[in-house]
Amino acid sequence: MALARYFGRAATAASQVLQGFQTKDFEQLLNGLVIGIAFDETACSSEGRASLDLAVRLVARLYPNICFLPEGDEAKKLARSLSALARSINGQIDIVRPRVGAPSQCLVVGSASPDVACPQMFLGSDGWMAKFSTEQPVGSGNSSNMFGAGAAACIAASNLFRAIFNEQIGGATVDRSVSFSLFDYAPGSDANPPLEANTILDAVFLLGLGAIGNGAVWALARVPGLQGQLGIVDGEEIDQGNLQRYVLALEKDVGRSKVKLARRHLTSQARFSLEEHPYKWQTLAGSHSLQHVVIALDTASDRIAVQAALPRWTINSWTQRGDLGVSHHRFDGELACLACLYLPTGSVPDEDQVIAQALGLEDRKMDIVRPMLHSGAPVNVELMHEIASRLTVPVGPLLPFVGQPLRSLYQGAICGGVVFELTGGNKPVRVEVPMAFQSAMAGIMLAAEVVKRAARRDAPRWTTAKLNLLRKMPSDVITERRAKDRLEGCICQDADYLDAYRARYKPVASH
Ligand SMILES: [Zn+2]
């Protein structure tokens with residue numbers, strides 16, 4: 001009994017990236033592993049502690065057996081608090097004593113040299129630089145910039161996953177040596193300026209406190225001297241399925257508001273004003289002027305709707321099959337607006353389509369799925385029987401979702417892994433459930449963009465920056481300038497919308 005209670009969700013996520021996935025094999029393999037986490041006094045630096053914190057938050061959600069290998073008194077003390085953290089993430093986790101079980105893979109922070117026979121993965125950071133190596137310690141800086149430290153934990157967790165499941169991930173290999181700048185994402189870059197002493201957020205709203213939002217808050221909570229105003233917006237509560245990849249969430253948080261969870265982490269930021277908005281962003285848009293918007297929402301339609309509300313600028317983030325990333329948008333000018341990237345003709349399938357497909361209702365998308373998603377109408381018993389029969393699963397476990405909106409059925413039964421477990425993992429679930437390290441990385445990049453934009457008071461020259469953590473870290477350029485929609489079908493190519501945008505932001509229209 002060491003696998004997390006929310007293992008079904010983890011298996012759903014893994015099934016999407018692993019070929020020939022079988023739940024039983026996956027479970028067996030995980031149960032047979034012990035993940036070592038070794039660190040010494042040098043890992044007790046500010047950045048080392050941040051890397052360890054996030055590494056534990058990622059590893060403890062998936063792997064049922066972990067083993068701390070601290071060297072020195074301070075490291076031993078830190079190991080005790082990290083053990084407590086791991087247990088609060090998965091109450092059933094087995095914290096293996098070093099002498100009983102030899103680790104099968106070992107993450108190493110600082111300059112520790114653990115006495116283990118297994119492969120070692122060294123992670124560390126220096127300010128904006130995330131570092132990783134399979135050969136030698138990379139060191140952890142003592143700066144006040146935790147972006148490299150957080151990204152390094154994600155890169156290490158992705159390498160751990162690739163190493164363990166390499167036969168089941170096409171083309172996946174482990175990185176040998178990584179030095180990745182969160183400052184400019186450029187290949188071979190060593191851009192690493194000091195973090196500004198005071199980052200002032202100018203009435204920024206963070207929409208969505210899901211898995212990416214959790215990663216972003218983890219990082220923002222660690223930015224020294226954050227000032228200004230941040231509004232955090234999400235109407236939902238944490239459910240058990242969320243624990244699989246919400247880095248901030250502990251088991252005791254199930255049922256608590258996502259906004260409250262974020263606030264708990266941001267209270268360390270004494271000098272800025274935090275506004276809590278525990279409801280949907282659409283509600284907020286009715287009463288507030290959303291000028292500076294940071295987006296960690298799930299759906300294409302939400303993103304298009306945010307853009308249609310005409311914020312001055314947006315910073316967007318995503319995880320999807322194949323990549324994760326961040327993007328910057330204005331509305332006028334020559335570059336893509338947010339909606340340009342998410343038009344139905346674009347590369348991202350719309351939510352109606354994804355949900356219809358997942359529920360086996362592809363042919364009923366227009367007459368059932370779309371209207372029900374729009375109205376929030378509850379699912380009745382008849383429709384539930386229809387869905388169960390189309391998915392060839394027994395209806396019983398789905399009946400608790402009767403009376404709930406279709407979206408809740410989708411989130412609970414499909415994303416939450418109910419249907420997946422009913423089929424023993426044999427029926428691939430067509431739903432996007434990223435691995436925890438993917439969402440966390442997107443969140444850290446999102447927070448990094450917020451902080452850099454505040455310091456520079458402008459967007460970078462690129463539109464998107466994207467990364468695939470199921471592959472080796474890229475050696476080529478990951479940023480790209482994106483033009484507006486080629487078919488001229490976007491609202492940013494509509495004269496009325498453009499006039500409204502320019503009228504709203506007149507004083508800066510000449511920028
Ligand atoms: Zn556009």
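One-based numbering, in listed order, for ligands and for the atoms of each. Given the structure is predicted, the values throughout are model-derived calculations rather than measurements.
- Using a 4.0 Å cut-off between a side-chain N of Lys or Arg and a carboxylate O of Asp or Glu, Arg330 and Asp332 qualify as a salt bridge.
- With respect to Arg461 and Asp184, no salt bridge is recorded, no charged nitrogen being found less than 4.0 Å from a carboxylate O.
- Aromatic rings from His292 and Trp313 are positioned such that their centres are separated by under 6.0 Å.
- To the nearest 0.5 angstrom, Leu446 atom CG is 8.0 Å from Asn316 atom CG.
- Geometrically, Lys466 does not engage Trp318 in a cation-pi contact, judged by NZ or CZ lying under 6.0 Å from the ring centre and within 45° of the ring axis.
- The existence of a salt bridge linking Asp253 and Lys260 is excluded, since no basic side-chain nitrogen approaches an acidic carboxylate oxygen closer than 4.0 Å.
- Closer than 2.8 Å to the Zn ion (ligand 1) sit the protein N, O or S atoms Cys337 SG, Cys340 SG, Cys490 SG, Cys492 SG.
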